[in-house]
Amino acid sequence: MDRVDQLVDELTLEEKLRLVRGAEDPDGTATGYVPDVERLDIPSFRLVDGPLGVRAEGKRSTAFPASLSLAATFDPDLAREQGAAMAREAKAHGQDALLAPGMNLLRVPNCGRNFEYLSEDPHHAARFAGELVAGIEGESVVATAKHYVANNQETGRTEVSAEVGERALRELYLPAFRAAVGAGAGSVMTAYNRVNGTHMSDHRRLLTDVLKGEWGFDGYVVSDWYGIESTVGAANAGLDLEMPGVPVAAPEGEEVDMGSIDGIPDGTKAGLFGEPLAEAIGSGEVPEERLDDMVRRVLGAMARTGALDGERDDGALDTPEHRALAERVAARGTVLLENDALLPLDEDATVAVIGPNVGEPKLGGGGSSETTPFRSVAPRDGIENRAEGSVTVERGIDAIEDLSLFDLLPFVDGGHGDGGEADDADEERPEPSLSDAVAAAEAADVAVVFVRDATTEGRDRESLRLPGEQDELVEAVADANDRTVVVVNSGGPVELPWREEVAAVLEAWYPGQADGSSIASVLYGDRDPSGRLPVSFGAEEEYPTADEERYPGIDDEARYDEGVFVGYRAFDATDTEPAYPFGHGKSYAEFRYGEVETDGSTVGVEVENASERAGREVVQAYVRPPAAPEGVERPVRELAGFESVEVDSGESQRVEVELDERAFARYDPEEGWTTDPGTYTVEVGRSSRDIRVTAEFER
Ligand code: NOJ
């Protein structure tokens, strides 16, 4: 008998119950805490946020770029490295499980948490989810795949029901989770929302039948915080661990009323796996074997990571390698949207750095993924450090305030104020002046304007336009200097109405602590901007979710009746030209594609760098299916593989891309996964709308 089985044998009922419900962390650093059982030498177990770095309470950690920025690298090896680095930092803070990665599909461009997620494409999301998980678990830390499933919006997130068909679930929303399980995730977190009427914490079919049954998941299912809705329902559905298990405490004399704030779970509801579970087991409503299974899963995860036997190294924090990685990922994820031969910048050029927040790094969005770094570089410092020519700095307009979920919560301090940067900077700042910004732009060889949005967990963006007067600022600067570059920091797609009036546009997402240095390295051409868009950029009304019934839904129901036509699949189906398509991103180098060959499982293509500079190309392989049977609609093309490669100037490289057959098969609710016989076309190119070469294969 192994140690876990033996422990399950020896534990008393009361001890078992304590292992499936969170408790207060005596150290106060963890986001979730499972108490120890001293009698049997079972150590305590700590769970900590989150996807952009470790958010141990009161501690500092490397602030990595947003997950969306990582995904924009189109280089899953970097995901493995970042996962491993975050796990080492979790260990250094004495934590056992990381509440990451987030992997919900980018269905709604407005979603306030898109920056924590990976892609609008399921194959792309699955590749990154898998590598992140492998990186975390490889360092003996439990990875938590979240939020299972269809948590695609923050508006009404604790109540809304995603009314989604089986085909879309299988083809779009489940693949990243399946990949996470395949890569060895020790934990899966349930989403707050309902799916087809049933709360995810109560969803027996998706938790027990699909996740644990079909996919063979042997880790534990943890609730999202205060996201458990019932005792018997959740226990019998397959939920294994309630978090945080203890209710929020109101300061003395204050009433607790949390049930009514949109996007905020009711923190007074906790302890459903405490006494109520004991009673349900006593009455037989929940079989005791189910409790044993929960305990076995929690202890199993502890055993696998070595936490159960205390066999684990101490990790590492803020090392030179972690800092360098945070910078490399931020630079590699930066997407060059436009470039009229202005970039890379000449080092001797005089530069006007303009923008309401140029003195602060854009670390991330608000909520449970906020990290407080040891060090960070603001955009203005990054450019001042790198430029050889003189640099002037102007804010132009009032600062864009970061939003934080924590500011919406009663009785909780925190939010972005923790780092203190924004607040300190405020006091020293002179009033911004638009005319000074315009004058600075006129006087300089080049104007670099930094603009940003503000997103947070718990709120969606009301509009895809940049907040405040930033569009006006860009227009005024572009009028004053036709060598204007705009660097956009956004947590998802944004509308950029001036995009054709400026010389260059970069999408740098939320770059984390290395903001200024990474963007300077791209602007000056020390690195090729090798990011590609993991999400289509269009006008808000062009997305399928522009319909109120689909988003945010009516009467707590969001109808996913666009089916599989999400993201570029929707733009293609309606023949709408997006501002920037999925997969788009320019390079400073220029690539030529040779003939393509395929046997249907791999695609080989020769890529030549026909420019004077070394560069990085992301070769993307889409598959166009043959005509589907009557009554079945198929996307025009689906991403089935990609490969990011560095090619030296004048060199050619043969690139092999493996095709994921599932990525272009369709899910038939009766037959399951189906590959229709016929002729398939592989389209190889630089984006979903820039196909360079094609080949065919039969199935
Ligand atoms: C709620 C968020 O949805 C989840 O992602 C996070 O891990 C928990 N809170 C804990 O902070």
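Order of appearance sets the numbers: ligands from 1, and atoms from 1 within every ligand.
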*Compute both the distance and the angle, then confirm whether Arg550 meets the cation-pi test with Tyr560: under 6.0 Å from the six-membered ring centre, within 45 degrees of the axis.*
no
*Decide whether Tyr551 and Asp460 meet the rule of one side-chain donor and one side-chain acceptor closer than 3.5 Å.*
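Per modelled atom types, Tyr551 and Asp460 side chains form a pair under 3.5 Å.
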*asked:* Using the ring centroid of each side chain, check whether Phe74 and His124 are separated by less than 6.0 Å.
replied: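 So the answer is yes for these two rings.
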*Aromatic centroids of Tyr226 and Tyr192 separated by under 6.0 Å*: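 No, too far apart.
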_Students often mix this up, so state it plainly: with edges at 30° and 60°, are the rings of Phe64 and His322 parallel, tilted or perpendicular?_
tilted
*Residues lining ligand 1 [heavy-atom distance under 4.0 Å, listed by chain and residue number]*: Thr31, Asp49, Arg55, Leu99, Arg113, Lys146, His147, Arg157, Met189, Tyr192, Asp224, Trp225, Ser368, Glu457
*With Phe177, the ring pair (Phe, Tyr, Trp, His ring centres under 6.0 Å) member among Phe217, Trp215, Tyr148*: Tyr148
